[in-house]
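Okay, so here's the structure we're looking at.
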Amino acid sequence: MAVHSIGIIMNGVTGRMGTNQHLIRSILAIRDQGGVALPNGDVIMPDPVLIGRSEAKVQALAEKHGVKRWSTDLDKYLADPYFQIYFDSQTTTLRAESIKKAIAAGKHIYCEKPTATSLEGSLELARLARQAGVKNGVVQDKLFLPGLLKLKRLVDSGFFGRILSVRLEFGYWVFEGDWQAGQRPSWNYRKEDGGGIIVDMFAHWRYVLDNLFGNVKAVSCIGTTHIPQRVDEKGEPYTCTADDAAYATFELEGGIIVQANSSWAVRVNREDLLTIQVDGTEGSAVAGLRDCKTQHRINTPKPVWNPDIPNPFNFREQWVEVPDNQVFDNGFKVQWELFLKHVVTDSPFPWDLLEGAKGTQLSDLGLQSWQERRWIEVPELKL
């Protein structure tokens with residue numbers, strides 16, 4: 001058995017997502033399990049160095065989790081050939097320039113989304129990576145959620161017949177920060193810092209819709225800032241300049257209509273923070289983050305509209321849970337393992353920087369639709 005030790009530059013992992021999902025639950029979890037096993041018996045062992053702008057924060061993170069290397073000097077490690085992969089989970093406004101430097105240094109690229117602050121910037125990264133011949137990937141974590149994997153299982157089996165429509169509800173109440181601290185960093189609500197729910201979430205909706213139901217062909221979107229003032233991490237009030245809610249309709253290939261509501265100013269009265277209902281000629285399903293339930297046409301009730309009598313149906317009881325039938329690992333970790341295999345063995349990895357650019361494209365077009373108050377076609381992206 002051979003162990004393939006692969007150095008990974010992890011930039012920006014002092015943030016919430018970078019620390020919890022990418023460092024602790026992915027890279028360190030992979031190390032704790034003994035690496036990524038390959039079919040021939042070999043093992044890939046990730047070996048990270050943590051990079052950050054704050055020496056105190058990055059040192060404390062490394063020491064807390066037993067990571068032996070940390071630094072504020074990105075260039076030093078980009079120049080080190082041992083480190084083959086550059087990973088970026090910085091704020092969006094910082095990401096593109098660092099990725100360009102990593103591509104120029106010949107590193108394989110794996111990064112969070114949005115990959116850049118504009119479509120042009122995202123396409124430039126994809127072109128540079130292709131020209132340099134470096135492997136590249138973008139985090140598309142929701143594809144690996146148990147609920148969406150079950151939903152994909154239903155799609156692939158033909159359960160729905162002809163899919164008619166999709167209703168996507170996402171969001172929760174993010175506290176304003178005055179009497180209770182907010183759950184999200186304040187930059188999320190400042191447009192000048194790359195904030196906004198359209199920029200944040202439409203990249204997710206793009207790859208979910210493209211991969212599960214069909215390519216997005218057109219978008220109509222209205223955004224708004226429901227909460228105009230919040231209080232930041234230092235207790236200082238600030239004006240919110242970015243959208244905190246978006247109400248969109250997408251048209252997919254095949255005529256599927258998607259209604260997607262995204263909001264950080266909504267109180268949850270559903271079974272999960274994200275629910276996706278799919279209706280088809282043969283059946284319907286509702287998926288959350290982990291669970292998925294179905295109703296086939298032969299089990300569909302026959303309600304009649306009559307507001308003068310009590311509703312005789314318990315609609316929620318008439319749905320059937322889709323069984324797990326497999327072990328579901330952390331979605332971020334699963335995609336990390338696939339990317340590591342891609343780098344070492346050249347196994348397929350379709351979620352590259354061009355796919356990431358599609359997410360930025362939909363965000364840009366959503367913002368344009370809101371500004372111009374009209375439907376916008378979504379053209380095919382090519383390098």
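Side-chain atoms are counted along with the backbone in the values below, which use heavy atoms only and exclude waters and symmetry mates. Position 1 is the first residue of the sequence, and the numbers go up from there. Note that the structure is a prediction, hence the values are computed from the model and not measured.
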Ignoring hydrogens and angles, write down the donor-acceptor pairs under 3.5 Å from the side chains of residues 376-383, residues two or more places apart or on other chains.
none

N/O donor to acceptor pairs below 3.5 angstrom from side-chain atoms of residues 137-148, sequence neighbours left out:
unit_1, atom_1, unit_2, atom_2, d
D141, OD1, K113, NZ, 3.4

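With sequence neighbours excluded, the residues that form a ring pair (Phe, Tyr, Trp, His ring centres under 6.0 Å) with Y110 are F87, W336, F339. Applying the ring pair (Phe, Tyr, Trp, His ring centres under 6.0 Å) criterion to F83, with sequence neighbours excluded, gives Y77. Under the ring pair (Phe, Tyr, Trp, His ring centres under 6.0 Å) criterion, H226 pairs with no residue at all, not counting sequence neighbours. For T117, the side-chain contact (heavy atoms from CB on, under 4.5 Å) partners at least two apart in sequence or on another chain are T92, T93. With sequence neighbours left out, E97 forms a side-chain contact (heavy atoms from CB on, under 4.5 Å) with K100. Every residue meeting the side-chain contact (heavy atoms from CB on, under 4.5 Å) condition with A29, not counting sequence neighbours, appears here in chain and number order: K333.
Within the structure, every pair that satisfies the salt bridge (Lys or Arg N to Asp or Glu O under 4.0 Å) test and touches residues 247-271, not counting sequence neighbours, is listed here: E271-K293, E271-R316. Residue pairs meeting the side-chain hydrogen bond (donor to acceptor under 3.5 Å, both in side chains) criterion with at least one partner in residues 296-309, sequence neighbours excluded, are E282-R297. For residues 339-350, the salt bridge (Lys or Arg N to Asp or Glu O under 4.0 Å) pairs, not counting sequence neighbours, are K135-D346. Residue pairs that meet the salt bridge (Lys or Arg N to Asp or Glu O under 4.0 Å) test with at least one member in residues 30-55, sequence neighbours left out, are D47-R69.
Aromatic rings of W187 and Y189 (six-membered ring for Trp) have centroids beyond the 6.0 Å cut-off, not under it.
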